[in-house]
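Throughout, numbering of the chain's residues begins at 1 and tracks the sequence.
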Amino acid sequence: MRYLYYILVLATTACTAPTSTNPAPAAPPTEAPSFFLGTYDDPGVHEPGIYRFTLQPDGSLTNEGRVAEASNPSFLSYNPDRTTLVSVEEVDGGGSVAAFAVNDTALTLNNRRPTSAPGPCHINVNRDGYVTAATYGGGTVELWKLEGAGMLSERLDVQDHRQRGAETPHAHSSYYINDGREVLAVDLGTDEVWHYALNEVNGKLVSASPPAVKLADGAGPRHLAIHPNGKWIYVINELGSTMTQLRLAGSSIDTVASWSTLPADFTDFNACADVHLSQDGRYLYGSNRGHNSMVVFAVDQATGALTTLEHESVAGDWPRNFALSPAGDYLLVANQRSKNITTLRRDADTGLLEYVTSTTAPVPVCILF
């Protein structure tokens, strides 16, 4: 049953006062969910920064305008209580991470910290406020901590993936596992998922043993999604257009299998981007840039194996990022090159997607509900 954003409840019980004909008062409407949009700068077309949109009950979107100035804020994340939003900023030859106070529907800059390497492209926060950012240009994973009123500390640590002799590392994302005590860093250049323990005593990332999980040569892993059971991890591979299942047992990780994200008859260029699971863990979604589609997989609840269900058009070009709505009834796709956000209705029972509408947006690259 699809979630309804506005509910009108009428009294169905008998009136204790027979002379009264007034219905019971209506329940207040549930507030329509909003999201922040990370963008790439588009000089002369729109103001650089983070925007806010509202998702209406019918799937349409309302652009509420820019809520923070920032330079190429291409990835966003919240701290656990959503009082602070952190963002990467990509600038020529460098980069930074920024922290913003969340005030209802507005953002106020707390502070910025530079990254040690260029091209920060992903950021994440654990339950204790530790912040990791991956730099594509430098091949590093860097660590800070949110202190006080959401202020970023000085940089605590840098892990350079060249340390093992990798010539062209491109760290693309980082994720916390095992209650935030460990970090997985996905590196497109080395075809590995790097594994670290977080030492909270000295604020350092410590390589696990083994230090990384190797994927197929040329796979180009980019992002990952962790199943609600905590045992299965799905890595989307940008260059290989595949989805790889990893199995997590304690702190041990091994590869299980891989599946194509494309139809068998598609032979043109494609580069995968983002991946997310439904809240119940029954369906897995991935974005195909080139084929310009969302691939939908069913997840076998006994083994984690995937079965392809469909490829749904994103009605746009270059779906870099996407997000499921809080109720799981819509999937929103950020199409970078066509500068639009596509709303797809999601059937919770079947996992399948259906086009609803498309909304013009300032170079959309990250959707954060």
Side-chain angles (χ1 to χ4, degrees), residues 121-122 136 170 172-173 186-193 213-227 232-247 255-278 281-300 303-324 330-338 340-347 350-356 358 364-367:
C121 56
H122 189 277
Y136 184 86
H170 294 300
H172 219 308
S173 57
V186 184
D187 196 307
L188 182 148
T190 67
D191 294 319
E192 292 170 303
V193 177
V213 179
K214 179 65 175 173
L215 277 66
D217 289 342
R222 179 184 175 99
H223 285 185
L224 63 77
I226 303 169
H227 193 274
W232 305 329
I233 298 169
Y234 298 94
V235 182
I236 194 163
N237 300 305
E238 177 174 337
L239 305 182
S241 293
T242 55
M243 193 79 73
T244 298
Q245 181 191 0
L246 307 180
R247 182 168 44 231
T255 59
V256 179
S258 294
W259 296 264
S260 176
T261 65
L262 295 170
D265 60 354
F266 184 81
T267 58
D268 292 339
F269 178 78
N270 188 73
C272 290
D274 203 12
V275 57
H276 294 285
L277 282 150
S278 59
R282 295 171 59 205
Y283 301 103
L284 180 69
Y285 301 87
S287 60
N288 285 308
R289 298 177 299 179
H291 189 249
N292 289 332
S293 67
M294 295 298 307
V295 60
V296 182
F297 294 103
V299 180
D300 186 297
T303 65
L306 303 180
T307 300
T308 304
L309 298 181
E310 71 167 345
H311 296 86
E312 177 69 24
S313 171
V314 297
D317 188 13
W318 218 244
R320 180 183 175 94
N321 179 259
F322 66 93
L324 292 164
Y330 290 110
L331 186 149
L332 305 186
V333 186
N335 293 308
Q336 178 184 343
R337 291 180 178 175
S338 53
N340 70 303
I341 301 173
T342 296
T343 302
L344 301 174
R345 181 176 288 107
R346 176 180 172 272
D347 187 307
T350 66
L352 300 180
L353 304 172
E354 179 185 9
Y355 174 81
V356 176
S358 178
V365 290
C366 183
I367 296 171

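Using modelled atom types, one side-chain atom of Asp187 and one backbone atom of His170 make a donor-acceptor pair closer than 3.5 Å. Between the side chain of Lys214 and the backbone N or O of Thr255, no donor-acceptor pair lies under 3.5 Å. Judged by distance alone, the side chain of Tyr234 and the main-chain N or O of Gly304 form a donor-acceptor pair under 3.5 Å. When atom types are taken as modelled, the side chain of Asn288 and the backbone of Cys272 share no donor-acceptor pair closer than 3.5 angstrom. For Ser260 (side chain) and Leu262 (main-chain N/O), a donor-acceptor pair under 3.5 Å exists by modelled atom type.
Considering all non-hydrogen atoms of both residues, Tyr285 and Phe322 come closest at O-CZ, 3.3 Å. In this structure, Val256 and Leu246 approach most closely via the heavy-atom pair CG2-C, 4.2 Å. Summarising the geometry of Pro364 relative to Ala334, their closest heavy-atom pair is O-CB, 3.6 Å, with the distance given to 0.1 Å. What you find for Thr350 and Tyr283 is that their closest heavy atoms are O-CE2, 3.2 Å. Scanning all heavy atoms of the two residues, the minimum distance from Ala273 to Pro319 falls at CB-O, 3.6 Å. When all heavy atoms of Arg289 and Asn270 are compared, the closest pair comes out as O-OD1, 3.0 Å.
Using modelled atom types and a 3.5 Å distance limit, the side chains of Arg345 and Tyr355 yield no donor-acceptor pair. Defined by atom type and a distance below 3.5 Å, a donor-acceptor pair is present between the side-chain atoms of Thr242 and Asn237. Side chains of Asn340 and Thr342: a donor-acceptor N/O pair is present below 3.5 angstrom, by distance only.
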For this session: Decide yes or no on side chain to side chain contact (heavy atoms under 4.5 Å, CB included) for Arg282 and Val299, but give the supporting numbers first.
Result: CA-CA 5 Å; Arg282 295 171 59 205; Val299 180; 5.8 Å; no
Problem set entry | From CA spacing to verdict: side chain to side chain contact (heavy atoms under 4.5 Å, CB included), Met294, Leu331 | CA-CA 10 Å; Met294 295 298 307; Leu331 186 149; 4.2 Å; yes
For this session: Run the numbers on Leu284 and Leu277 for side chain to side chain contact (heavy atoms under 4.5 Å, CB included), then give the verdict.
Result: CA-CA 4 Å; Leu284 180 69; Leu277 282 150; 3.5 Å; yes
Exercise. Given Asp300 and Leu306, is the side chain to side chain contact (heavy atoms under 4.5 Å, CB included) satisfied, shown in steps?
Worked result: CA-CA 6 Å; Asp300 186 297; Leu306 303 180; over 6 Å; no
Listing, residues 307-315 side-chain donor-acceptor contacts under 3.5 Å, not counting sequence neighbours, or none:
residue : atom : partner : partner atom : Å
Glu310  : OE2  : Leu353  : N            : 2.7
His311  : NE2  : Thr261  : O            : 3.0
Ser313  : OG   : Ala315  : N            : 3.1

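Between Asn335 and Ile341, the closest side-chain pair of non-hydrogen atoms is not below 4.5 Å. In this structure, Met243 and Val275 have side chains that are in contact, with non-hydrogen atoms separated by less than 4.5 Å. Side-chain contact between Arg346 and Tyr330: absent, with no pair of heavy atoms (C-beta onward) separated by less than 4.5 Å.
Rounded to the nearest 0.5 angstrom, Asp217 CG and Leu239 CG are separated by 11.5 Å. Rounding to the nearest 0.5 Å gives a distance of 4.0 Å between CH2 of Trp318 and CZ of Arg337. Going from atom CG of Asp317 over to atom CG of Asn292 covers 4.5 Å, rounded to the nearest 0.5 Å. His227 NE2 to Ser278 OG: the interatomic distance, rounded to the nearest 0.5 Å, is 7.5 Å. Distance CG/Leu352 to CG/Leu344: 11.5 Å, rounded to 0.5 Å. Atoms OG and CZ, on Ser241 and Phe266 in that order, are 8.0 Å from each other to the nearest 0.5 Å.
Between Tyr136 and His172, the angle of the ring planes goes over 60°, which puts this pair in the perpendicular group of the 30/60° scheme.
Aromatic pair His223/His122: centroids less than 6.0 angstrom apart.
Evaluation of the side chain to side chain donor-acceptor pair (under 3.5 Å) rule for Arg247 yields Asp254 as partners, not counting sequence neighbours.
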